[in-house]
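Residue numbers start from 1 in every chain, and the chains themselves are labelled A, B, ... in the order their sequence lines are given, proteins ahead of strands.
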2 protein chains.
Amino acid sequence: MSSRPTSKPARGTARDALLDAALAVFREKGYSATSVDDVCARAGVTKGAFFHHFKSKEELGQAAAEFWGTMTGEVFRTAPYHDPADPLERVLAYIDFRKALLQGEIAEITCVAGTMVQETYQTSPAIRAACEKTIYGHVETLVADIEAAREAYAITDTRWSAQGLAAHTQTVLQGAFIMAKARNDVAIAQDSVDHLRRYVEMLFKRA
Amino acid sequence: MSSRPTSKPARGTARDALLDAALAVFREKGYSATSVDDVCARAGVTKGAFFHHFKSKEELGQAAAEFWGTMTGEVFRTAPYHDPADPLERVLAYIDFRKALLQGEIAEITCVAGTMVQETYQTSPAIRAACEKTIYGHVETLVADIEAAREAYAITDTRWSAQGLAAHTQTVLQGAFIMAKARNDVAIAQDSVDHLRRYVEMLFKRA
DNA sequence: TGACTCATACAAACTAGTTGGTATGTTTTG
DNA sequence: CAAAACATACCAACTAGTTTGTATGAGTCA
């Protein structure tokens, strides 16, 4: 048995609990429809704790977007799709990895940054910037492999760039989340990721 | 001079004004962050008028999604991309048409249904269903041309269907809106539409 | 044609509840 | 003990929705 009662969490964890709760609630209800009380209730802390760690709801939103970026960054950094020696195989393995993640409840697979930026891009510059950094920061992690694949497969087509294709993968994923939400079914998202994979294969002439 | 004073709008126009205002405000601030007062103020009517025409904010959301569907439906039905004799040319012309629409302020080019469903897919079944009908109803208008192109170009690949590719076009567009909002720049959206066009061309072996 | 009826289309003021945020504690920890 | 980490109680502003009242136009019938 622990000397600390499990009902009351250890001190100093309220901020983490609030961030975790924020990510969960934002994915379900969105940023605007989520109240500070919602987040506090889910985190199991009081409003006093909330405003001790965040000076406003907007600051929580910003922190949540950044937290999401570092969290997912860790997941992708340690994921196995980096293993193949061939750079194109790494890119395709990334796409396969993203498709494999498209399982379970919709709220558990969507991108918090994409969800938040949709609601705040005009009303909160801070949140928008944090979401941009998260999304396009992830895009950057793909550029090197695509660039290497272009060289390995002697692709000289200047009509598209590694940067642009990397961004396009995120376009497809973000769109897939919306299409899945609209139909209330994740299958449609997987289908679009298949189209994305086929496109990349064809770009590198592996049809 | 009109016998009717211009300051006071004609009777029976409040509902239309409210729907127009709703589309505009939803695109800027999203559904949740928009208050009924916001919509009334933009429409230039009072709350009495609002709740005369809509029994709740949710009903406005549903009506707005349907209104968006019929409005855009009219635009696409009368658009010139249906003219080419070759069905693949019609599909490509549709994509070009969508790209041409990607100009101006972000709030003026985005899809209201995509924006709304993101916020309401878990909290309002009525709005979600209305958005689904609008988005996937538009998808349906593309299926016939893609199907005809498959036949015309003797495409027998069973790994993808006309229905699936039609949905994928909307995936790319919806995703493009999010990527544009994140970066606060529409150029990234146009780039993804270019990728989509290239993909369709390659699918029909016109590389 | 013109007075009467009546439903529709609004307007203005109000209410009960929720919102983000604050002021002021109390407890824990270094 | 001092500061950090919370909890409690509270507030002003805002929220969706209601209540009540009024202007208007479409029928109707003498």
Side-chain angles (χ1 to χ4, degrees), chain A residues 2-22 25-26 28-65 67 116 119-120 123-127, chain B residues 2-22 25-26 28-65 67 116 119-120 123-127:
Chain A
S2 167
S3 59
R4 226 185 285 272
T6 51
S7 59
K8 261 197 177 180
R11 264 177 96 86
T13 62
R15 189 188 151 91
D16 288 341
L18 284 165
L19 285 173
D20 280 335
V25 191
F26 288 166
E28 291 170 12
K29 313 205 299 178
Y31 171 78
S32 301
T34 296
S35 70
V36 172
D37 283 328
D38 284 340
V39 178
C40 291
R42 166 102 43 148
V45 304
T46 61
K47 252 174 144 171
F50 181 96
F51 283 99
H52 173 71
H53 290 287
F54 306 99
K55 73 175 187 185
S56 68
K57 182 189 172 185
E58 184 179 11
E59 195 179 279
L60 169 75
Q62 186 182 344
F67 181 59
M116 288 181 66
E119 297 179 68
T120 59
T123 50
S124 170
I127 296 179
Chain B
S2 166
S3 61
R4 222 187 287 272
T6 51
S7 58
K8 262 197 175 180
R11 263 175 91 89
T13 61
R15 189 189 152 91
D16 288 341
L18 284 165
L19 285 172
D20 281 335
V25 190
F26 289 166
E28 290 170 12
K29 313 206 300 179
Y31 172 78
S32 301
T34 297
S35 71
V36 173
D37 283 328
D38 285 340
V39 178
C40 292
R42 166 100 45 147
V45 304
T46 61
K47 254 174 142 168
F50 181 96
F51 283 99
H52 173 72
H53 290 288
F54 307 99
K55 74 174 186 185
S56 67
K57 182 190 172 185
E58 184 179 11
E59 196 180 278
L60 169 74
Q62 187 181 344
F67 181 58
M116 289 182 65
E119 297 179 67
T120 60
T123 50
S124 170
I127 295 179

Exercise. If a stem is a run of at least 3 consecutive Watson-Crick or G-U pairs, both distances under 3.5 Å, which stems include DNA chain C?
Worked result: C:1-30 with D:1-30

Residues in side chain to side chain contact (heavy atoms under 4.5 Å, CB included) contact with [X], at least two apart in sequence or another chain:
{"X": "B:Ser32", "result": "A:Ser32, A:Ala33, B:Glu119"}
{"X": "A:Ala21", "result": "A:Val39, A:Arg42, A:Ala43"}
{"X": "B:Thr46", "result": "B:Ala49"}
{"X": "B:Lys57", "result": "B:Tyr31, B:Val36"}

For this session: Decide yes or no for A:Leu19 and A:Leu60: does some side-chain heavy atom of the first lie under 4.5 Å from some side-chain heavy atom of the second?
Result: yes

Atom pairs, protein N/O to nucleotides 13-15 of chain D N/O, distance under 3.5 Å:
none

For this session: Kindly write out the residues that satisfy ring pair (Phe, Tyr, Trp, His ring centres under 6.0 Å) with B:Phe51, not counting sequence neighbours, or none if the list is empty.
Result: none

For this session: Could I get the full list of ring pair (Phe, Tyr, Trp, His ring centres under 6.0 Å) partners for B:Phe54, not counting sequence neighbours?
Result: B:Phe50

Exercise. Short question: side chain of A:Ser35, backbone of A:Asp38 - any donor-acceptor pair under 3.5 Å?
Worked result: yes

Return the value, rounded to whole Å, for the distance between atom [atom1] of [X] and atom [atom2] of [N].
{"X": "B:His53", "N": "D:dG17", "atom1": "NE2", "atom2": "C1'", "answer": "16 Å"}
{"X": "B:Phe54", "N": "C:dC10", "atom1": "CZ", "atom2": "P", "answer": "11 Å"}
{"X": "A:Lys55", "N": "D:dA5", "atom1": "NZ", "atom2": "C1'", "answer": "20 Å"}
{"X": "B:Phe50", "N": "D:dA16", "atom1": "CZ", "atom2": "P", "answer": "8 Å"}
{"X": "A:Tyr31", "N": "C:dT19", "atom1": "OH", "atom2": "C1'", "answer": "12 Å"}

For this session: Would you mind telling me which of D:dC6, C:dG20, C:dA12 lies closest to the side-chain atoms of A:Phe51?
Result: C:dG20

Exercise. With respect to the side chain of A:Thr46, which nucleotide from C:dA11, D:dT8, C:dG21 is positioned closest?
Worked result: D:dT8

For this session: Return no unless some side-chain N or O of A:His52 is found under 4.0 Å from OP1 or OP2 of D:dA4.
Result: no

Problem set entry | Pairing residues for A:Ser124 by the side-chain hydrogen bond (donor to acceptor under 3.5 Å, both in side chains) criterion, not counting sequence neighbours | A:Glu58

